[in-house]
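Remarks on the structure that follows.
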Amino acid sequence: MGSTRGLFIGAYVFAGLTAIVLWFADRALLAESGLEDHFAENATAAFYLAASLLVLGAYVASRTQPATFFGRETVGNLWLLLLAIFFVVCFGEEVSWGQRVFGWGTPEAWKEVNGHHETNLHNLLDNAQFGTLRILTVIALGYGVLVPLADRYWPWGRRTIAWFGMPVPPLAAAGLFVMVFIAYRVLVVAYPPLDSPYGKPIREYHEAGYAAAFLVISISMFLDYWGFNRRR
């Protein structure tokens, strides 16, 4: 683990302290900080932007190393490029593709299908009861937890992941995604119901938690592909 040992220790300490703060936080402050364009949402956007740049940097470094994509050799690990694009999309959605920065209006046709009147796509899914948070949870737990577990403990899974050419997140970071999921379920019990004034703020902090965990594995990948861990 080399250079990343301190990263993971710090991440777990930070995650634990954050969970404690949210548990004992003043409810009015929690509700306010989780509103649109407030702390939780801004932190989520910042985490995704940083993660996209780090993974893009890892992709650049991977161009000098052997890589495959569905069993075929490639110049650079294309999964890293796709992951960077995914983080860019997440960042763009958080800032409504610049609307919250530059303040442009929402077209009337878009307002009719987007309950939040914003120029983004994830609220369309939320309006359709398809919940982008559920999709994000599946992606986060699937990639952040199941993939490293399969690579470590399941030979067939390891061979399949290698054939895909997919970069494997560090197993040491898997617990972060689990902590985020458990913390969300605990807060849901503590602040029922989800349609209360605390429902949306709790969901916003849930998203921010996954974004922070993705940032941690992005830092680790950047360090790995640029060889910082191997120098220790």
Side-chain angles (χ1 to χ4, degrees), residues 1-25 30 33-34 39-41 43-48 50-52 54-55 58 79-80 83 86-87 90-91 94 122 130-158 160-161 164 166-192 194 198-224 229:
M1 272 162 68
S3 301
T4 54
R5 182 177 291 107
L7 169 68
F8 296 137
I9 293 174
Y12 279 104
V13 171
F14 178 79
L17 291 176
T18 301
I20 293 172
V21 169
L22 290 177
W23 180 263
F24 291 103
L30 174 67
S33 64
F39 176 77
E41 195 165 65
T44 302
F47 292 154
Y48 279 129
S52 67
L54 287 163
V55 174
W79 287 105
L80 289 172
L83 189 59
F86 169 70
F87 290 149
C90 291
F91 166 73
E94 287 299 321
H122 70 271
F130 196 47
T132 51
L133 187 54
R134 296 178 183 176
I135 299 175
L136 178 61
T137 298
V138 171
I139 294 173
L141 296 181
Y143 185 61
V145 179
L146 296 183
V147 167
L149 283 174
D151 182 71
R152 175 68 64 87
Y153 299 110
W154 191 17
W156 184 86
R158 186 182 309 115
T160 302
I161 293 169
F164 278 120
M166 183 181 298
V168 179
L171 184 58
L176 293 172
F177 292 95
V178 175
M179 286 179 67
V180 171
F181 178 77
I182 293 176
Y184 171 68
R185 301 312 305 177
V186 171
L187 288 173
V188 166
V189 173
Y191 294 90
L194 279 182
Y198 312 107
K200 188 180 188 314
I202 290 173
R203 291 194 292 272
E204 290 293 344
Y205 275 104
H206 190 188
E207 293 181 34
Y210 284 137
F214 277 127
L215 176 58
V216 171
I217 66 173
S218 299
I219 295 172
S220 177
M221 288 179 179
F222 180 86
L223 295 174
D224 282 340
N229 285 338

Tell me whether the rings of Phe86 and Tyr48 are parallel (<30°), tilted (30 to 60°) or perpendicular (>60°).
perpendicular

Does Arg152 CZ have over 12 foreign heavy atoms under 6.0 Å away?
no

If you define the side chain from C-beta out and look only at heavy atoms, does anything of Ile217 sit under 4.5 Å from Phe177?
yes

Under-4.0 Å salt bridge between Glu207 and Arg203
no

Locate the shortest heavy-atom distance separating Pro167 from Pro169; write the atom from each residue and the value.
O-CD, 3.5 Å

Evaluate the criterion side chain to side chain contact (heavy atoms under 4.5 Å, CB included) for residue pair Phe87 and Ser218; output intermediate values, then yes/no.
CA-CA 10 Å; Phe87 290 149; Ser218 299; 3.4 Å; yes

Under the side chain to side chain contact (heavy atoms under 4.5 Å, CB included) test, residues paired with Ala183 that sit two or more places apart
none

Can you give me the closest heavy-atom contact between Pro148 and Pro170, atom names plus distance?
CB-C, 4.4 Å

When rounded to the nearest 0.5 Å, the distance separating OG1 of Thr18 from CG of Leu22 is 6.5 Å

Tell me whether Phe39 at atom CZ has more than 12 heavy atoms from other residues, nucleotides or ligands lying less than 6.0 Å away.
no

Does the pair Leu187 and His206 meet the rule for a side chain to side chain contact (heavy atoms under 4.5 Å, CB included), with working shown?
CA-CA 10 Å; Leu187 288 173; His206 190 188; over 6 Å; no

Within the 4.5 Å heavy-atom criterion, are Phe164 and Thr160 side-chain neighbours or not?
yes

Checking Tyr205 now: which residues fulfil side-chain hydrogen bond (donor to acceptor under 3.5 Å, both in side chains) with it, not counting sequence neighbours?
Ser33

Would the distance check show the side chain of Tyr12 and the main-chain N or O of Gly175 forming a donor-acceptor pair, the cut-off being under 3.5 Å?
yes

Mind checking what makes side chain to side chain contact (heavy atoms under 4.5 Å, CB included) contact with Val216, not counting sequence neighbours?
Leu7, Phe8, Ala11, Leu176

Taken to the nearest 0.5 Å, the spacing of Ile9 CD1 from Thr4 OG1 works out to 9.5 Å

For Leu141, which of Val145, Ile139, Val138 qualifies under side-chain contact (heavy atoms from CB on, under 4.5 Å)?
Val145

With a 4.5 Å limit on heavy-atom distance, are the side chains of Trp154 and Ile161 in contact?
no

Are side-chain heavy atoms of Met166 and Asp151 found at a separation under 4.5 Å?
no

Side chains of Glu204 and Pro201 in contact at under 4.5 Å (non-hydrogen atoms)
no

Under the side chain to side chain contact (heavy atoms under 4.5 Å, CB included) test, residues paired with Val186 that sit two or more places apart
Trp23, Ile182

So Leu215 and Leu54, do their side chains get closer than 4.5 Å, heavy atoms only?
yes

Taken in chain and number order and not counting sequence neighbours, the residues that satisfy side chain to side chain contact (heavy atoms under 4.5 Å, CB included) with Ala46 are none

ring-ring contact (aromatic ring centres under 6.0 Å, His included) involving Phe47 - partner list, sequence neighbours excluded:
none

